[in-house]
Every structure is written in C-alpha cells, then in structure tokens.
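Written out below as structure tokens is the structure these notes cover.
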Protein chains: 2
Amino acid sequence: MSREGSETRRRILDAAWELLEAPEGGEVRMSDIARAAGVSRQAVYLHFPTRAELLVAVTRHVDAVKGVDARLAASRAAGSGEARLDAFVAAWGGYIPEIHGVARALIALGRTDAAARAAWEGRLAAIREGCHAAVAALARDGRLAPGQSVEEATDLLSAILSVHNWEHLTRVCGWSQELYLRRIGALARQAMLAPPPG
Amino acid sequence: MSREGSETRRRILDAAWELLEAPEGGEVRMSDIARAAGVSRQAVYLHFPTRAELLVAVTRHVDAVKGVDARLAASRAAGSGEARLDAFVAAWGGYIPEIHGVARALIALGRTDAAARAAWEGRLAAIREGCHAAVAALARDGRLAPGQSVEEATDLLSAILSVHNWEHLTRVCGWSQELYLRRIGALARQAMLAPPPG
DNA sequence: CCGCTTATTTGACACCGTGTAAATTGTCAC
DNA sequence: GTGACAATTTACACGGTGTCAAATAAGCGG
C-alpha cells in the first residue's frame, strides 16, 4: 500500500473527493477516480485494496482537511445546555453540505460492504455522542423537555440532524442552507427544550 | 409480458415481496427471487423486463394488497386540522414498517435507475400531498404554528415522516413501533401546531 | 555506468449480477 | 394433430470490481 504520505495517494484521495462532491456524483467508478487523478486504474488498487477502503480513507482525509473534530468540539465550550444545543446544531448542520457527497457514497456502499458500514456507523456514533452531550447538559440545567429520557431525546435529536433530512429538505424541497439551519434549529429547540422555569 | 393475472406472475411478486421484507433483505438478486418463486430466472424476465420494473410492480402489488390508499384517505375524514394531523401521522407512520423492505430496495435502486427513481418520487409526492392536506387544514383553522409558510411546514412534516427517520429510530436506535409513533406524533405536533387560541 | 529497490503502467483475466437470445419441452384450445 | 403460449435450458454479451504477471521508469549507492 506504499507509504502513508505518498504524493500519488494524496492525488487519488483528492480526485475521489472532488468527484464524489460534484453535483452529479452518483456513480463514481474506480476508473473514473483513476482518470481524474491522472493515474492508472491499477495504481489506485496499489494504494487502496478495495473501493470500500478508498471511500473510508476519503472520509478520513476530508475530516482531517476540514477539521471536523475541532468544529464539533467547539460546541462543548458553550456554557448552558441551551447554548450547547444551538452550537452543536449549527456546527453539524453547517458541516453536512461539505461532506454530503462522500457521506452519500459511504452510506450507499454500506448496504453491501461491511467495512463501509462500520465506517459510517462510527460517524453516526460520533454525532450521537455530540447530541448526547448537548442533551445531558440540558438535563443538568433542568431544561430538557419533559416526557422523555436522555437516551430517547438523544436518539430523536440524532434523527433530526440526519444527513437524509438535510438531503430531503435542501435537495428535494429546495431549501437554502440558511433556511435549513433556521428551521432545523427551531425544530431541535421545540423537541429538546423545556420552557424556562418561572 | 404475459397476461396481467398470471399465476406465475403473482408467485414472483409474492416471492420478491417476502425476500425484500425479510430481516436480512439487503441483497436480493433476480436469481434469489426466481428460486424463491420456484421458477427459472428467465421466467422472471419473461414477466418483468428489468429488475426495476419488477420492484415497481412489487410496490404496486403491496399497495393493492395492503390497501394503502384507503388507509391514508381515512385521515381526510377527520374534522379539525389537528385531528387530521394526528390521523395522518398515525396512518403513514403505521404503514411504514409494512413496506419498509420494498421501499428500501426501491430507494437504493433509484440511485442508478430512472424508472425506480420515478416510482419512489411518485410515492413521496403522495405522502407530501397528505402532509399538505393536514397542514392546509391546520392553517384554515388558524392553528398552524407561526413563523412558517404552508409550503415550508409541509416540507418539514414530510421530512419528519420520512422512511429514513423511521429506519433510524426503530432499527438503529431500537425504538419500538409504539414508541416511534408516540414520539414522532409529539414532534409533528410541536412543529406544526400553534397553541389553542384564548 | 551498474545493479538494486520501489512506484507505476500495461494488458490480460476471473467473478458476479443484469439482461438478451435461441432452441426445446409441455400444455392447452380448437 | 396443429398452433399458440408458458416455461425451461443453455449460452452469451456487458459492465464493474478485483487479481496477476511482466514490462517500464525513476531513484540512489556503489
């Protein structure tokens, strides 16, 4: 698999990324990626044994370049649970459009490939953990909407913030990113937040 | 394509249905369907020229057997917009688990096949129309939550009621169908319903 | 310049799933 | 029987993934 920091390897990752994130990135073949990277198809297999491992590497590459960790961690700095909720929704909701193409491909491949499925589930777990942190902070503040456990609220919030919902609202319904953030932020507050005491 | 009411045709449809709705119905091939129907692979192609047309026929078959139209239309009988909303959420939310496997396959195929995509979009349009009817009734009653147009509310409700959210909450998070209906019903009310006047 | 190593290319091929085609058997109606 | 039809068997074309082996560059120490 050659060494980690190979120039060709990086070119392949960037080419795959660009193709997947392109407007019509529905059917990206290994040969497409090779051609876009200016490399032979076999060179791709030289660096990534399977299509699944390539896609997983692309998501890691994108995360590293975009700095997801730092952006999502920022929501942890907020003081109140309410502020945490808003910050996390804004951070993740704002991140989705930047990784949508790659995420889409990974989800699709996950239906048949175990490695891709595991990679996407890891992603989901990270999101869920962010949701959990916000919900737990709300509960600590006594501001979690009644009638639901912390677990249930976490599940529901992670569903609200799913990539599929973003895709449906912005792609199918034609919402702008700004409208999406506003309405989903409001929905999350309605579902999670109890009215202020007193 | 043989005549409509052929016995073999029905057997193929039932076999495909059963396979798609099975717990591990992720990878259903034409040969699987043929074997399950007790028929040669070519006999399947004799009745359904492509995999996409077979899947589309299966969804129609399921709809006919389950009587989806009647069940969704029942929500129209409700008097108030509020009752309409509850009835529609219960009707569609209760229908999802019965068609989940077929819907899943149709969505997946739609990523590459135009016919399958069109069929699923038709389905989406029907759901959206049900959402629109409920939201319009709410607006007529002056009970639509402020700060959103009828169109936006319809979009949001159709997103909340998406198959993906059902799949995430019940399959990934392990919610029971009963819990799903209760929490999603509550979420829909929070998002759509203004507090009663006076 | 030689020989060694490593990255890449080229071309061929196996596998699998979809879809097509042709020849064959069985079964009814008339 | 003859004709029409349903279904079977066998074979093959195509596209996409993944494998393999041999040929070609490019780097570097001697």
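Letters A, B, ... mirror the listed sequences (proteins, then strands); counts begin at 1. All of these numbers come straight from a predicted model, not from anything done at the bench.
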For E18(A), is the CD atom crowded, meaning more than 12 foreign heavy atoms sit under 6.0 Å from it? no
Given the rule in the side-chain contact (heavy atoms from CB on, under 4.5 Å) test, do I160(A) and L187(B) qualify, once you have shown the distances and angles that lead to the verdict? CA-CA 10 Å; I160(A) 289 171; L187(B) 182 64; 4.3 Å; yes
Can you measure [X] atom [atom1] to [N] atom [atom2] for me and round it to whole angstrom units?
X: L46(A); N: dG18(D); atom1: CG; atom2: C1'; answer: 13 Å
X: Y45(B); N: dT8(D); atom1: OH; atom2: P; answer: 15 Å
X: H47(A); N: dA7(C); atom1: NE2; atom2: P; answer: 8 Å
X: R29(A); N: dC14(D); atom1: CZ; atom2: P; answer: 16 Å
X: I12(B); N: dA6(D); atom1: CD1; atom2: P; answer: 12 Å
X: E7(A); N: dA26(D); atom1: CD; atom2: P; answer: 16 Å
X: F48(A); N: dA7(C); atom1: CZ; atom2: P; answer: 14 Å
X: R9(B); N: dA7(D); atom1: CZ; atom2: P; answer: 12 Å

Where the side chain of R51(A) is concerned, which of dT9(C), dG18(D), dG19(C) is the nearest nucleotide? dG18(D)
Kindly point out which of dT17(D), dT8(C), dT8(D) is positioned nearest to the side chain of A43(A)?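 So the nucleotide nearest the side chain must be dT8(C).
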One thing to verify: whether [Y] and [X] come together as a salt bridge, which I'm taking to mean a side-chain N less than 4.0 angstrom from a carboxylate O.
X: D63(A); Y: R60(A); result: no
X: R71(A); Y: E98(A); result: yes
X: R111(A); Y: E27(B); result: no
X: R189(A); Y: D86(A); result: yes

Could a donor-acceptor pair under 3.5 angstrom be found where the side chain of R41(B) meets the base of dG19(C)? yes
Mind checking what makes ring pair (Phe, Tyr, Trp, His ring centres under 6.0 Å) contact with H100(B), not counting sequence neighbours? W166(B)
ILVMFWY network linking I127(A) to L157(A), side-chain heavy atoms under 4.5 angstrom: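 Yes.
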Could you see if V172(A) belongs to whatever hydrophobic cluster contains L161(A)? Use Ile, Leu, Val, Met, Phe, Trp, Tyr and a side-chain cutoff under 4.5 Å. no
What string of B, S and - do you get for nucleotides 21-30 of chain C, 5' to 3', when a contact is any protein heavy atom under 4.0 Å? B---------
Over the length of the helix from dC1(C)-dG30(D) to dC30(C)-dG1(D), how much do the five-pair end axes diverge, rounded to 10 degrees? 10°
